[in-house]
Every structure is written in C-alpha cells, then in structure tokens.
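Source: prediction; values computed, not measured. When reading the values below, keep in mind they use all heavy atoms of this one structure, side chains included, and skip hydrogens, waters and symmetry mates. Numbered from 1 within each chain, the chains take letters A, B, ... in sequence-line order.
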There are 2 protein chains.
Amino acid sequence: MSPYDPSAFPPFAVTVDLVVLTVRRHALCALVVRRGEQPFQGRWALPGGFVRADEDLAGAAARELSEETGLCAHDPAVPGVDNGAHLEQLATYGDPKRDPRMRVVSVAHLVLAPDLPAPRAGGDANGARWAPVDELLAAGDQATAGLAFDHARILGDGVERARSKIEYSSLATAFCPPEFTVGELRRVYEAVWGVALDPRNFHRKVTGTPGFLVPAGGTTTRQGGRPAQLFRAGGATLLNPPMLRPEV
Amino acid sequence: MSPYDPSAFPPFAVTVDLVVLTVRRHALCALVVRRGEQPFQGRWALPGGFVRADEDLAGAAARELSEETGLCAHDPAVPGVDNGAHLEQLATYGDPKRDPRMRVVSVAHLVLAPDLPAPRAGGDANGARWAPVDELLAAGDQATAGLAFDHARILGDGVERARSKIEYSSLATAFCPPEFTVGELRRVYEAVWGVALDPRNFHRKVTGTPGFLVPAGGTTTRQGGRPAQLFRAGGATLLNPPMLRPEV
DNA sequence: GATCATAGTCGTCTGCCTGACGATAAACAG
DNA sequence: CTGTTTATCGTCAGGCAGACGACTATGATC
C-alpha cells in the first residue's frame, strides 16, 4: 500500500465525544444525553457530534461543549480566562464495529467543569442530565442498561485520567468556582478519588505547595462552621510536590 | 446539526503515525523515514500510513510498526510476550491544514523499543534511520530543515510522554533487552531524561521498589567492570514509590 | 445566652524516603 | 601489580507524609 495516496483511502466519519465531569453533592458526575435516534435510541450516551470539514478537533469539542452546556472551554494556551472549563484531548476510539452503521473514529475529549446549575438539552438530545459516574459505570456491567456504543469505556478512561491528573497537576481547581476554600477543594479530591482525606494534612499540603493557591482576600461561611479563607487558583499547573492518592 | 446522521458527514482520511523511540549509545533516538513523494519529498518524517477499512487503530499501528521495523508490538492486554515493544496510543492530530492535499486525521502512537540492529526500510520510504531526538527537535526550529508535516510536534509530545511515563511506571524496561542490569536500566533513564543519576541511589531505589525487577539468576560483564546481576522486568506496571526526575 | 455541632487552622511527633557521599568488590587493561 | 571501570553496600542528615491533639469561629438548638 502506498501511504498518503490521495486517490485511494477508506473514508471515515470523525466525531468528538465529550466526557464532561463535575462534582455535585460529594459525587463525581458526568454529563450524559438521551439518544433520540437509532441505534441505542432512548439510551444515555456521552455528548458529541461530527467534526466539521474546516474545523480543528479541539474546536469541534469546544463547539459541542458550548452547544450542550453553554460552557466556554478554557484553552490552556490562552491564559487568563478561567470562567470556563478545562478541556483536553483524552483518546481516540476507532474499533471498526463500534458504530453499527458506518466506520466512525471518535476523538474523545475530557472536560472538567465546576458544578453547573442544570444541563440544557442539546439539539439532538431528548434530555441531558448529570449522573454519578459510579452509577453509569456500574450499569455498564449489565449488558443492556449501560451507556450507548463504547461510551462506558470512554467514560472509564476519562475518569481514570481525571483521577490521576489531579495528583500531579492543579486541575482539581477546574472543578471549583473561581473562588473557593481549602475545604471545597478537599471535597473535590475526596469525590474524584472516592476516599476521605485528613483535613489538617490536606490544608498543610495545599497551602504549602508553591503556586497552587493564592489568597483571594475574603472569607466565606457557605459550608457552615468557622469561616474559611477564600483562594483562587495559582499560576502553577504542575504540582511539586504532587498530591498523593492514598494507597488502597 | 444532527450528529450521527449517516447521510451527511465530511469524509476524512485516517492515518496512524508512529513515534518509535529507543536508546542507542546513551542517546534517545527516534525512527524516521525519508519521504519518497510530495509533499515534503526527501524530508524525514515519522513512519505511518492509512488505517484500513476493517482495521483497529492499534492494529494499524502494530502493522505499520512491523512493516517498518519487523518489531512485534507487545499488547499490554496480552501479557507474557515481551520479545516485542511497548505500544500505546499517544494523541490525535487533526488540524484542517496539517496535510496540504486533503483532510487527514492522524492517530499518533508511541512505541518504546530496545535497541535494534538496524532499521529496515519500509515499502514507501527511500530510507529509514534512527536519529537522536535532540537533533530532530533542534532542526525543527529552523523552518525548512525539520520533520515533515506536524511531525516535530508529534515527536515532541511522544518524547514528553515517554519522559513522564518512565517516572511512575516500569516502562523504562521496554527500552532494555529481556535481561538487563541495573546499570543498563540507569543508562536508559539518563538518556531519556538527559540527566546523570547517582548509581548508588538508583540501585537502592530500583531494587527496593516491589515488583519492578526480578533477579534473572546470572551475571554479565558486557558493560565492563565488575560483573553485574541480571534482572528481568517484574510484574508491576505502576511504580510505587515512583522514580523521581531530578529538579532543574 | 449556654451549649452543641460543624468546619477551619495551627502544631507536634514519628517514620520513611531521598540525596550526598564514603567504602568495598570484582572484573579488565597495561 | 596497579590503575580503571563498574557494581554494590552503608551511613547520615534533611524533608515530607500520615496520625492526631488542640484551638478557633461560626450557626443551630434548647
């Protein structure tokens, strides 16, 4: 075979799928939409859609994200904007049989977003909701009840990426509003990792890691108890030393 | 737009590109092939080719790898075979202008291989060689001399992935022959990271990390000096504690 | 208003890991 | 036999992490 021969290559459909994660009520949740068409009609699926002919992959992901949630993707290359969500490429899935209709290669993206009021249904979906990832992945074991296509696997990969990435990067702040307390950040780690962390050691650790948090000046009592200092995400993206996920 | 509408989607060409890394003569090297066609005719590029109509992405990468090098990819899902190389998906590149002829989405894969006798030229390439990544990436700065397409960026991403991944996984052993010494493994780390490591601390660290190395029984003196114990890669894939890349 | 529950913040202590480095061992080259 | 190279074992001090005690500041409840 002669690679890059423009006259003879099998045509593919290329889509982007989104694993949009957030933390609500102490649980890691993912955005899912109900499919309005065959196949898998009525089943939940990850949001996504075709990449347009003149569109970048990241651009397509950002467009789909905005269409489904109204979120504005925060491009790490353009700093300063943090009202949006973190978006990064996750992995690409191209099994020949993953879509029964045609050959589809899907470039999955991972989005980490602060808790949002309510998902708004995108054009093609009958509904959209935040579902705890535990539910979605547990349901995936039963053959018929799980997510459409190979989306359970994609979701699993996205969750695993998020779990490991908040260890050595400051991405956990992407789950928080612009100003947040140490306790709120700790609850993010606890929800994503599914463990309980010592508040005192956690406080020492995050406030001692240079560039992770900068004081925002105020305090809040929205979590009850003693007022807590408000922080903003610092400039550091890589944490040194990293946060360590407790052993099993 | 109605996602997954089979009747209307822009057709894409999907390729796999390979970042094949090895360590030769204390330097991290990548496999590059000389392009025999336009565009970028005569320039060096990463090996790769079209994904076939009935082929998995990983399968396409393994096929290209075998065609270009004769290496047998070691699928992590099928343990027991370690005569081959480690292969994993790296990232996907889909800028609309990355190929001047048509819309090509390339799923790049990363291969870590032990030092090989000599690359064998693949069908479409006039030549193939191992080039130190420092050279390739430095040349990428000068506009015309670098790798074809966006391959300098892909190579950079692959190198960065390899550098970070040998920190917390046992993947450095993928650069070694089946049986190797602690010193040989240390030279892998030194070449990939581009730093000098203390042989005594390194020895203590790797032999003390459970599951990283298992004694193979013999000794060798192929590196000169006192005979060194031979080891084989242990079952562990994640290192705990991780190897730490020295600070800058 | 006293008491309690909740959450936040500051310290202390101990064990482990790391980096720096000395010392010894076992091969080969001259 | 001496120097060179590489491997391997030990020692020591500093730093970080986990366990946990103590204190503070708010709202809720009686």
- Message: Rounded to whole Å, please give me the gap between CE in M243(A) and P in dC16(D).
- Response: 14 Å

- Query: What integer distance in Å separates L244(B):CG from dC16(C):C1'?
  - Reply: 14 Å

- Whole-Å distance between dA7(C) P and L230(A) CG? 17 Å

- Item | Rounded distance (Å) that lies between atom C1' of dG11(C) and atom CG of D198(A) | 13 Å

- Task: Within residues 200-207 of chain B, find the residues that approach DNA chain C with a heavy atom at under 4.0 Å, and present them sorted by residue number.
- Result: R200(B), N201(B), R204(B), K205(B)

- Task: Keeping to residues at least two apart or across chains, list the ring pair (Phe, Tyr, Trp, His ring centres under 6.0 Å) pairs with something in residues 182-206 of chain A.
- Result: Y189(A)-W193(A), Y189(A)-F202(A)

- Taking C-beta and beyond as the side chain, do T237(A) and S169(A) meet within less than 4.5 Å on heavy atoms? no

- Note on the structure: One should read off an interatomic distance between T181(A) OG1 and F231(A) CZ, to the nearest 0.5 angstrom, of 9.0 Å

- Rounded to whole angstroms, how far apart are CG on N240(A) and C1' on dG15(D)? 13 Å

- Message: Among dA17(D), dG8(C), dA27(C), which nucleotide has an atom closest to any side-chain atom of A228(A)?
- Response: dG8(C)

- Message: With a sphere of 6.0 Å drawn around CZ of R153(A), does it hold more than 12 non-hydrogen atoms of other residues, nucleotides or ligands?
- Response: no

- Message: So if I take every side-chain heavy atom of P227(A) and compare against dA25(D), dT9(C), dC21(C), which nucleotide ends up nearest?
- Response: dA25(D)

- Message: Output the rounded distance in Å from CG (L185(B)) to C1' (dA7(D)).
- Response: 14 Å

- Task: To the nearest Å, give me how far apart CD (Q223(A)) and C1' (dA28(D)) are.
- Result: 17 Å

- Message: Is there a side-chain contact between Y93(B) and D157(B) in this structure, where contact means two heavy atoms from C-beta onward sitting under 4.5 Å apart?
- Response: yes

- Message: Would the base of dA7(C) count as contacting R226(A) through its side chain, where contact means a donor and an acceptor less than 3.5 Å apart?
- Response: no

- Look at the side-chain N and O atoms of R186(B) and state whether any lies under 4.0 Å from the OP1 or OP2 oxygen of dA7(D). yes

- Message: Counting the atoms with a prime plus P, OP1 and OP2 as sugar-phosphate, which does R222(B) contact under 4.0 Å by heavy atoms, base, sugar-phosphate, or nothing?
- Response: nothing

- Quiz item: cation-pi between R129(B) and W44(B), 6.0 Å / 45°: yes

- Heavy atoms, side chains only, cut-off 4.5 Å: are L155(B) and V32(B) in contact? no

- Task: Between P241(A) and F231(B), just flag the one whose closest nucleotide in DNA chain D comes earlier from the 5' side.
- Result: F231(B)

- Task: Rounded to the nearest angstrom, tell me the gap between atom CG in L197(B) and atom C1' in dC21(C).
- Result: 16 Å

